[in-house]
Structure formats: C-alpha cells, structure tokens
Amino acid sequence: MAQYQLLHCRINGRNVEQMVDVRASLTDVLRNDFRLTSVKKGCEVGECGACAVLIDGECYNSCLYLAVWAEGKEILTLEGLTGPNGELSDIQQAFIDEAAIQCGFCTPGLIMTATEILAQHRLYSDDELRKLLSGHLCRCTGYENILRAVKKTMLQRLGLPDQTTAEG
Amino acid sequence: MYDLSALYQAQTVAQAVELRLAHPEARIIAGGTDVLVQMREGKLAGAALISIQGIDALRGVSLEEDGTLRIGSLTTFTKLSAHPLIRQYIPVLGEAVDQVGGPQIRNAGTIGGNTCNGVTSADSASTLFAWDALVELTGKNGVRRVPIQDFYIRSGVVDLRGEEGEIQTAILIPRESYAHTFGFYIKYAMRNAMDIATLGTSVNVRLSPDKKTFERVRIAFGVAGPVPLRAWQAEGSIRGREVSPEAVEECSQTVLQDIAPRDSWRASKAFRQHIAVECTRRCLVESVKRAGGDL
Ligand SMILES: Cc1cc2nc3c(=O)[nH]c(=O)nc-3n(C[C@H](O)[C@H](O)[C@H](O)COP(=O)(O)OP(=O)(O)OC[C@H]3O[C@@H](n4cnc5c(N)ncnc54)[C@H](O)[C@@H]3O)c2cc1C
Ligand code: FES
Ligand code: FES
C-alpha cells in the first residue's frame, strides 16, 4: 500500500511543493522529481558521500535521509551554486584549476562538503581540512588536488595569500 | 526507495509513545544512519518505521537544577561535540563522538541511536559507561532512569520496554560524576575516518587536591566484550594509590582480568588484549595530565 505526503521545502533558493512517496530517499526525490542529477547514487549506505547535499547549511548524505524529513527545510545542491547565467562559483572553478576532478562522480558531493566548510569563514589546518573531507571517497584523484582546491578557496575567501602557489 | 511498509511520524514524545503502543511491530528511526542502512541491506526490509526526527524537544544539551548534564536523545554528534556545556564539563564525550564515521554521518547520527542500537563498538558508549551515565526512558507510565550498565542487556538488545511504548528521551551525567574529573578516549581503528573501532577505551580520573593520589579512576571499553564494559578490577587496583608510573602500569595490566574480547575478522583476541593494556596506559597518562597531575 503506497503512502504519499505533500512535501514543502526550498530547493536551491526556490520554494517547491511535491507529492512524494514516504519510501523515497532525498536522493530519489532530488534526482527523479527535480532532475538535480548532480546528486549521485554511489553506495546508498552512507559510505561514499557522492549524494551529499546541504540541509539548512549542514552537509548530509541524502541517501540516508527520508525525503519527507525535508519538510520546511532549505536544501542546496551543486546546481544551486552557479550564478544566474551558469557562471561557476569560486570553489567549482578551483576544482577545475587544481585538476581536482577526473571522472567527476565524487565531485558534486565533495563540493557540497567544501561549501559547508567554507561557510564557516575559518582558517583550517591541512589536517583539519583532511578530517572535514574524510566522508567522501574518490577513486581517481588521490585527494591531494581536492585538498588543494578547498584550501586555495578558503585562503582566497579569507583574503590570505596562498603560499602553495605564490612561490612557484 | 527504501523497502519500508509504513511510516508514522511523531512530533512530540507523547505521540511517539502512542505510536509505539499502537504499532508494536514498528521500529523507531531517529537519524536513520543505522536503520536505513539495515533496511538497504535487507535486515530490516519491509519494516514499519516510527520517525522521531520531528521531536525537536529532544535536541540539545542543558544543565538541570542539581547540576545534572542533560543530553537530549536526538542531539547529533556534530551538535554534541560543539556544545559549550560538553566542552566545559565532559570534553572527552565530544572528542569521542567526533570520531564517529565522517562529517556527514556526524551531522545525522544521534546519541540516542548510538546507545539504543546496543552495539559494543558505538563510539559514545564506552565514555558513557566510564562516566556512569543514566539513561532516561519515557513510556506510558512516565519516566524512568536506568544506569547505562543496566540499559545494555546483550549484544544488540537494550532495556527499552516496547509494551510500555518506551523511547529513550535523554542521557544524563550527574554532577558527582563529572565534577573535578578529567578523561581521555582512544578509538583504535584501522583508519582514522569511516571505520568502526577495533577497541574503544575511555578512562577518567579524579585526583586528590594536591594531585598526588588517584581518588577515583574509571575505565570502560567497547569491543572488549559483547556489550561495552567497565574494568572494575583495574579500577579497584589503582584507587587510593599514589600517582606514579608504577601504579599506571599495574592498573593497565590488570585490565586483562576484566575484559573478554573475541577473535573477529577485524582483530584477534590476543591483539585486542595487547591494545587494551596499551590504550589504558595512554588514556591514564593523558587523563592525569589533563587533571593537572605529574607522571
Ligand atoms: C558510514 C557509516 C559510518 C559509521 N561509523 C560509525 C562510527 O565510527 N562509530 C559509531 O559509533 N557508529 C558509526 N556508525 C553508526 C551510526 O551512525 C551510529 O550508531 C548512530 O549513532 C546511529 O544514530 P541514528 O540516530 O542514526 O540511529 P537510527 O539509525 O535512527 O537508530 C538506531 C537504533 O536505535 C533505535 N533508536 C534510535 N533513537 C531512539 C530513541 N530515542 N529511543 C528508542 N530507540 C531509538 C532505533 O530503533 C534503531 O534500532 C556509522 C554509520 C554509517 C552509515
Ligand atoms: S550514495 Fe550516499 S553516501 Fe554513498
Ligand atoms: S574524480 Fe573520479 S571518483 Fe573522484
């Protein structure tokens, strides 16, 4: 017996209303009902972070989140980071510039975690950044360039010089 | 889609109790980081769920009039480790839960779920054992409080009375437990993030005012037995002794009389015994340091 519920929330700055199956994960609804396909299905058991989105500013694995729990919440996916004409945000551009993307499957999730980190407006050490990024698996890049992209954007936003590139 | 047969949603504790009584077969879901994984894996396939996500009254940390630290069962690990009261009175608990999974899991997972699952490796459990936490349960006949040692019955089974519609509403740390007390937790795992503990060791000490004597030492382990456990003999062996490397060493060796680890694919019994001694030693040293003592 299927059970449905009318869900009201904000997705990428837009108020939405959608009838959802209570069995749906937030990943299911974002992908299937809203075509937000940056939200990837990797493991679907919370291990890889490919499905990560921000909910009221905190990063969650949307595969371990019932869609109906999003009632009244503010959801942000990668699609919500770009400007009105599709301009890339600083953190997206940094991933490209630092070659932090290869196949790209892990990238949207990692950028959402990076978005949560950068929103703190704090200067983190490399070790702290590694820990904050540790809920994601990337099978391609070896993580170093991802760390560099996040660090570079963090320093830029804090108005600090980027020692790693300034010297070369 | 999750393979669930029905979803009931509670906004208040009273509603949750009513739903429990009306649907005794249904499983409670809080943050869902255990339940939804088990549903995907098939263990809970087809189950009905009672969601308590909406009970905001169960979130947060506060100080009761008599100084008891009250942690609402729906408090997430992220909120717990950042909370000023936790940082002030029992920082080791915040440090312990800051080692659960990864950041997204810590944003979702709750302390209630971490204790109600009855799992010996739960990162909060050994510290809650070591600090004599009380578990608050609310059911149709009101509220009862049980020492955490009694809450765990056996692996995966806790003292939650379904027939009374009970849910866990808080974890309490009495003032007597945390006053003048300093602790340390070591999660021994194969990697730093996204791994379950091979052994969890949580120790805390209260030194005499001159910092020369161990007034009280409490030691607890996760994964040293089917449920978390206290090392009563080791604790007794060091109580009242002078703060010295010898006392620390003897106490650490004594934990072998208290623990009953087993062989598993994660680690052998012999290895767990070895690291239990070593982790106890390191936790004791660090706790003494935090308490202002000299070793
Ligand atoms: C990728 C991943 C990594 C993980 N790593 C760790 C780790 O390193 N360390 C660790 O300790 N855990 C880890 N976990 C397990 C899990 O995140 C924790 O056990 C978490 O605390 C569960 O909380 P929850 O709110 O998500 O529980 P849920 O899944 O909602 O519930 C867990 C159990 O508790 C019951 N329950 C929950 N709340 C209540 C309540 N208030 N009253 C009565 N019953 C209740 C539920 O019925 C269920 O049986 C990991 C999980 C994942 C997916
Ligand atoms: S798909 Fe959600 S964590 Fe892997
Ligand atoms: S770029 Fe391929 S998984 Fe990260």
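Bear in mind that the values here come from a model prediction, so they are computed numbers and not experimental data. Throughout, a chain's letter reflects where its sequence line sits, starting with A, and its residues are numbered from 1.
With a 4.5 Å cut-off on non-hydrogen atoms, Ala52(A) touches chain B through its side chain but not through its backbone.
Atom CD of Gln104(B) sits about 11.0 Å away from atom OH of Tyr60(A), to the nearest 0.5 Å. Distance check: Ser134(A) OG to Arg191(B) CZ gives 7.5 Å after rounding to the nearest 0.5 Å.
Considering every non-hydrogen atom in both Tyr2(B) and Ser25(A), the closest pair reads OH-CB, 3.4 Å. When all heavy atoms are compared, the tightest approach of Gln9(B) to Val68(A) is OE1-CG2, 4.0 Å. Ile105(B) and Asn61(A) get closest at one heavy-atom pair: CD1-ND2, 4.0 Å. Smallest separation of non-hydrogen atoms from Pro103(B) and Gly135(A): CD-N, 3.7 Å. Between Cys59(A) and Asn107(B), the shortest heavy-atom contact is O-ND2, 2.7 Å. Here the closest non-hydrogen pair linking Leu36(B) and Tyr65(A) is CD1-N, 3.9 Å.
Remark: Arg70(B) CZ is packed, more than 12 non-hydrogen atoms of other residues, nucleotides or ligands lying under 6.0 Å away. Residue Arg262(B) places its CZ atom among 12 or fewer non-hydrogen atoms of other residues, nucleotides or ligands, all under 6.0 Å distant.
Heavy-atom neighbours of chain B within the stretch residues 101-125 of chain A, taken at a separation under 4.5 angstrom, comprise Thr113(A), Glu116(A).
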As a quick check of understanding, evaluate side chain to side chain contact (heavy atoms under 4.5 Å, CB included) for Asp3(B) and Arg23(A), giving each step before the final call. CA-CA 7 Å; Asp3(B) 187 3; Arg23(A) 297 170 302 171; over 6 Å; no
Walk me through it: do Leu49(B) and Val22(A) pass the test side chain to side chain contact (heavy atoms under 4.5 Å, CB included)? CA-CA 11 Å; Leu49(B) 299 179; Val22(A) 299; over 6 Å; no
Might you work through the salt bridge (charged side-chain N to carboxylate O under 4.0 Å, His left out) test for Glu58(A) and Arg106(B), ending with a clear yes or no? CA-CA 10 Å; Glu58(A) 286 190 319; Arg106(B) 293 194 288 272; over 6 Å; no
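Comparing Gln5(A), Lys131(A), Glu47(A), Arg130(A) by heavy-atom pairs within less than 4.5 Å of chain B, the highest count is held by Lys131(A). Among Leu4(B), Asn192(B), Val37(B), Leu7(B), the residue with the largest count of heavy-atom pairs under 4.5 Å with chain A is Leu7(B). Highest contact tally toward chain A, considering only Met1(B), Met39(B), Met194(B), is held by Met1(B) [criterion: heavy-atom pairs under 4.5 Å].
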